[in-house]
Asks: 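Okay, handing you the structure first.
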Amino acid sequence: MTDSQATMFHKSNSSQFNDHLIQEAKGLELLRETIQEHQVPHLNIPKIESVSDEQLVLQKVNGSSWNPQLMKQLGEGLAHLHKVKAPHYGLDEDNYIGLNPQVNGHFDHWGKFFVEQRLLYQTNLIKDQKVKRMLEEPILERKDLLETWLNRHCIHPSLVHGDLWSGNVLFDDQGPWLIDPAVYYGDREVDLAMTEMFGGFSESFYDGYDSVYPRTNAYPQKKVIYNLYHYLNHYNLFGGAYLQSCRNLIDQIQHHFY
C-alpha cells in the first residue's frame with residue numbers, strides 16, 4: 001500500500017442507484033463550500049479525491065473518542081452553520097437518505113416541503129396497503145394544519161446535514177468531522193431532532209449549540225414530526241421493527257393536532 005492509499009478511504013456503491021455516491025460527494029462539497037465561505041468554526045469535511053458511479057475516495061479520518069470539549073465544538077459549529085440563511089427550502093437535485101431516494105426541489109414554504117417531500121413521500125413507498133393507510137391518513141387529515149404550524153415555527157432555511165446521527169460524526173485532534181450527509185435547505189431543527197433518535201450526543205453538544213443559536217420553544221413538538229420522517233424511512237428500509245415507533249409518533253401528532 002502506498003502512502004497516498006493509506007491516507008484515503010474507499011467507499012463502494014452498495015445501492016441500486018448509479019448516482020448515489022455522486023450525490024453524497026455533492027453534499028460534502030456543499031457543506032465544505034458553505035463552511036469556508038461563511039467561516040463556520042470547528043467543523044471539518046473530508047476532502048474528495050475522486051468519485052464515480054462505483055466508488056468514492058475520501059480523505060481518511062482516523063477518528064478517536066469524543067470528549068465534552070469536542071462535543072461542545074460540534075454543537076457550536078453546527079449552530080453557526082445553521083445561522084447561514086438560504087433563499088429557499090429544498091435542493092436543486094434529488095439525493096438519498098440512507099439507501100432510499102430523497103426528493104427535493106425548490107419550495108418557498110417549509111411546511112409544504114416537509115409534509116409533501118418528506119413525510120408523504122415516505123408513506124407512498126410503503127408496500128403494505130393496510131400499514132400505508134394507517135400511517136398516511138392521519139397526515140393527510142392534518143396536512144393543512146401541519147404545514148401552517150411548521151411554517152409558523154421555522155425561522156429561515158438553513159443548510160442541514162440531513163442524516164445527523166452519531167455514526168456520521170468523527171472526531172480527531174482537528175475537531176469534529178461530518179460524513180455521509182443527506183443535505184438540503186430546511187428547518188435547522190431537523191438536524192437536532194435526529195441527534196436524539198439513537199443517542200450518542202452529550203449534553204455538552206446541546207449546550208454548545210444553544211449558546212450560539214438556541215432551540216425554539218416549539219422544538220419538543222417539532223422533533224416528533226421531524227423524526228417521523230426517519231422512522232418511516234427506517235421502516236421502508238428495514239421492516240417491521242420500526243413500525244411501532246412510527247405509530248407512536250403518529251399518535252403524538254394526532255394528539256397535538258386533534
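Residue indices begin at 1 and follow the sequence shown.
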Asks: In terms of side-chain geometry, is the basic nitrogen of Lys26 or Asp92 positioned less than 4.0 Å from the acidic oxygen of its partner?
Replies: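 A salt bridge is absent here (no side-chain N lies under 4.0 Å from a carboxylate O).
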Asks: Below 4.5 Å, heavy atoms only, C-beta onward: do Tyr121 and Gln102 meet side chain to side chain?
Replies: no
Asks: Determine whether Asn44 and Leu178 satisfy the following criterion, side-chain contact (heavy atoms from CB on, under 4.5 Å), listing intermediate values before the conclusion.
Replies: CA-CA 6 Å; Asn44 300 285; Leu178 300 180; over 6 Å; no
Asks: When rounded to the nearest 0.5 angstrom, what distance separates CZ in Phe201 from OH in Tyr206?
Replies: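 It comes to 6.5 Å.
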Asks: Do the side chains of Ile35 and Ile179 join up, straight or via other hydrophobic residues, at under 4.5 Å, putting them in one cluster?
Replies: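 Ile35 and Ile179: separate clusters.
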Asks: Measure the OG-CG distance between Ser12 and Leu21 for me, rounded to the nearest 0.5 Å.
Replies: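 Here the rounded value is 8.0 Å.
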Asks: Keeping the roles fixed (side chain from Arg118, backbone from Tyr229), state whether a donor-acceptor pair exists under 3.5 Å.
Replies: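 It does not hold such a pair.
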Asks: Per the side chain to side chain donor-acceptor pair (under 3.5 Å) rule, which among His80, Lys72, Gln73 passes with Glu76?
Replies: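 In the set His80, Lys72, Gln73, the residue that makes a side chain to side chain donor-acceptor pair (under 3.5 Å) with Glu76 is Lys72.
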Asks: Start with the C-alpha gap between Met194 and Asp163, add the side-chain angles, then the distance that decides, and say whether side-chain contact (heavy atoms from CB on, under 4.5 Å) holds.
Replies: CA-CA 7 Å; Met194 193 178 187; Asp163 197 6; 3.0 Å; yes
Asks: Locate the shortest heavy-atom distance separating Gln174 from Asp172; write the atom from each residue and the value.
Replies: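 Shortest heavy-atom contact: N-OD1, 2.8 Å.
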Asks: Heavy atoms, side chains only, cut-off 4.5 Å: are Trp177 and Leu43 in contact?
Replies: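 No; the side chains remain at least 4.5 Å from each other.
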Asks: Quick one: do Tyr231 and Val103 end up in the same hydrophobic cluster if we chain Ile, Leu, Val, Met, Phe, Trp and Tyr together by side-chain heavy atoms under 4.5 Å apart?
Replies: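 They do not share one cluster, since no chain of ILVMFWY contacts under 4.5 Å joins Tyr231 to Val103.
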Asks: Is there a chain of hydrophobic side chains (I, L, V, M, F, W, Y, each step under 4.5 Å between heavy atoms) that links Leu28 to Leu30?
Replies: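 Yes; tracing contacts between hydrophobic side chains, which count when under 4.5 Å, links both residues.
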Asks: Between Ile225 and Phe114, is any pair of side-chain heavy atoms under 4.5 Å apart?
Replies: yes
Asks: Using distance alone, with no hydrogens and no angle criterion, decide if Asn100 and Asn233 have a side-chain donor and acceptor under 3.5 Å apart.
Replies: yes
Asks: Going from CG on Leu232 to CG on Leu125, what distance comes out if it is rounded to the nearest 0.5 angstrom?
Replies: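 One gets 9.5 Å once the value is rounded to the nearest 0.5 Å.
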Asks: May I ask you to decide if Gly208's main-chain N or O and Ser211's side chain share a donor-acceptor pair within less than 3.5 Å?
Replies: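 Yes, the answer is positive, given that a donor and an acceptor are paired below the 3.5 Å cut-off.
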Asks: With no hydrogens and no angle check, do the side chains of Asn95 and Asn104 hold a donor and an acceptor under 3.5 Å apart?
Replies: yes
Asks: I want to check something: taking the side chain as every heavy atom from C-beta on, are Pro157 and Trp110 in contact at a cut-off of under 4.5 Å?
Replies: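 With C-beta onward as the side chain, the pair stays apart.
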Asks: Mind telling me whether His256 and Trp149 have parallel, tilted or perpendicular rings, with 30° and 60° as the class edges?
Replies: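 Perpendicular, since the angle between the ring planes exceeds 60°.
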Asks: Should Lys132 and Glu137 count as an ion pair when the cut-off is N to O under 4.0 Å?
Replies: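 Salt bridge flag = no for Glu137 with Lys132.
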Asks: In this structure, would Leu119 and Ile97 fall into the same cluster of hydrophobic residues linked by side-chain contacts under 4.5 Å?
Replies: yes
Asks: Do Arg247 and Leu135 have side chains that approach each other closer than 4.5 Å (heavy atoms only, starting at C-beta)?
Replies: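 Side-chain contact under 4.5 Å: yes.
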Asks: Please find the pair of heavy atoms, one from Val131 and one from Leu243, that lie closest to each other, and give the distance.
Replies: CG1-CD1, 3.7 Å
Asks: For atom CG of Asn124, decide whether the heavy atoms of other residues, nucleotides or ligands shown that lie under 6.0 angstrom number more than 12.
Replies: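 Enclosed: over 12 neighbouring heavy atoms sit under 6.0 Å from CG of Asn124.
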Asks: Can a cation-pi geometry be assigned to Arg142 and Phe257, taking NZ or CZ under 6.0 Å from the six-membered ring centre and within 45° of the ring axis?
Replies: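 No, Arg142 and Phe257 do not form such a contact.
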Asks: Please round to the nearest 0.5 Å and tell me the distance separating atom OH of Tyr96 and atom CD1 of Ile22.
Replies: 9.0 Å
Asks: Ignoring hydrogens and angles, tell me if any N or O in the side chain of Ser158 forms a donor-acceptor pair with the backbone of Val160 under 3.5 Å.
Replies: no
Asks: Do Val40 and Thr34 come within less than 4.5 Å of each other through their side chains, counting heavy atoms only?
Replies: no
Asks: Between Glu49 and Gln59, do the side chains contain an N or O donor and an N or O acceptor separated by less than 3.5 Å?
Replies: no
Asks: Can a donor-acceptor pair be found between the side chains of Gln122 and Asn236 at a distance below 3.5 Å?
Replies: yes
Asks: Any chance you could measure Ser64, atom OG, to Leu70, atom CG, to the nearest 0.5 Å?
Replies: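 Those atoms lie 6.5 Å apart.
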Asks: On a heavy-atom basis, which atom in Tyr235 and which in Ile126 lie closest, and how many Å separate them?
Replies: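 Closest heavy-atom pair between Tyr235 and Ile126: CE2-CG2, 4.0 Å.
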Asks: Check whether any side-chain heavy atom of Leu146 sits under 4.5 Å from a side-chain heavy atom of Ile253, and report yes or no.
Replies: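 They are in side-chain contact.
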Asks: Okay, side chain of Asn168, backbone of Leu164: is any donor-acceptor separation there less than 3.5 Å?
Replies: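 Looks like no, no N/O pair under 3.5 Å.
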Asks: Would you say Phe198 and Leu228 are hydrophobically clustered, going by side-chain heavy atoms of ILVMFWY under 4.5 Å?
Replies: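 Yes, it is one cluster - the side chains of Phe198 and Leu228 are joined through contacts under 4.5 Å.
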Asks: With no hydrogens and no angle check, is any side-chain donor or acceptor of His234 less than 3.5 Å from a backbone partner on His230?
Replies: yes
Asks: Which atom pairs, donor and acceptor, lie under 3.5 Å between side-chain atoms of residues 182-189 and protein residues at least two apart or in another chain?
Replies:
from: Asp187; atom 1: OD1; to: Glu189; atom 2: N; distance (Å): 3.1
from: Asp187; atom 1: OD2; to: Lys222; atom 2: NZ; distance (Å): 2.8
from: Asp187; atom 1: OD2; to: Tyr226; atom 2: OH; distance (Å): 2.5
from: Arg188; atom 1: NH1; to: Tyr209; atom 2: OH; distance (Å): 2.9
from: Arg188; atom 1: NH1; to: Tyr213; atom 2: O; distance (Å): 3.1
from: Arg188; atom 1: NH2; to: Pro214; atom 2: O; distance (Å): 2.7
from: Glu189; atom 1: OE1; to: Thr216; atom 2: OG1; distance (Å): 2.8
from: Glu189; atom 1: OE1; to: Lys222; atom 2: NZ; distance (Å): 2.5
from: Glu189; atom 1: OE2; to: Thr216; atom 2: N; distance (Å): 2.7
from: Glu189; atom 1: OE2; to: Thr216; atom 2: OG1; distance (Å): 3.3

Asks: Would you say Asp191 and His82 are linked by a side-chain donor-acceptor pair, where the criterion is simply a distance under 3.5 Å?
Replies: yes
Asks: Which atom pair, heavy atoms only, marks the closest approach of Gly200 to Ser166?
Replies: CA-CB, 4.1 Å
Asks: I want to check something: taking the side chain as every heavy atom from C-beta on, are Leu120 and Leu140 in contact at a cut-off of under 4.5 Å?
Replies: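 Answer yes - side chains close enough.
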Asks: Looking only at non-hydrogen atoms, find the nearest pair between His42 and Pro176 and report the distance.
Replies: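 It is O-CD, 3.2 Å.
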Asks: Which is it for Lys47 and Leu58 under the side-chain contact (heavy atoms from CB on, under 4.5 Å) test, yes or no, and what are the steps along the way?
Replies: CA-CA 6 Å; Lys47 292 183 176 64; Leu58 294 169; over 6 Å; no
Asks: Looking only at atom types and distance, does a side-chain atom of His20 sit under 3.5 Å from a main-chain N or O of Gly98, one as donor and one as acceptor?
Replies: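 Confirmed, His20 side chain pairs with Gly98 backbone.
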Asks: What pair of heavy atoms forms the shortest contact from Leu99 to Ser15, and how long is it?
Replies: CD2-CB, 3.7 Å
Asks: Would you say the side chains of Gln244 and Asn248 form a donor-acceptor pair under 3.5 Å?
Replies: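 Gln244 vs Asn248: donor-acceptor pair found between side chains.
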Asks: As an exercise, state the distance from NE2 of His106 to NE2 of His88, rounded to the nearest 0.5 Å.
Replies: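 One finds 3.5 Å between NE2 of His106 and NE2 of His88.
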Asks: Between Asp180 and Lys11, is a salt bridge (charged side-chain N to carboxylate O under 4.0 Å, His left out) present by the stated rule, with each step listed?
Replies: CA-CA 11 Å; Asp180 294 351; Lys11 181 176 183 178; 3.0 Å; yes
Asks: Dump the intermediate steps for salt bridge (charged side-chain N to carboxylate O under 4.0 Å, His left out) on Arg215 and Asp210, then the final yes or no.
Replies: CA-CA 6 Å; Arg215 284 167 287 179; Asp210 289 337; 2.7 Å; yes
Asks: I'd like to know whether the aromatic ring centres of Tyr89 and Phe107 sit less than 6.0 Å apart in this structure.
Replies: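 So the answer is no for these two rings.
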Asks: side-chain contact (heavy atoms from CB on, under 4.5 Å), that's the test. Do Ile139 and Ile250 meet it? Break it down for me.
Replies: CA-CA 8 Å; Ile139 299 170; Ile250 287 285; 3.9 Å; yes
Asks: For His109, does the NE2 atom have more than 12 heavy-atom neighbours from other residues, nucleotides or ligands under 6.0 Å away?
Replies: no
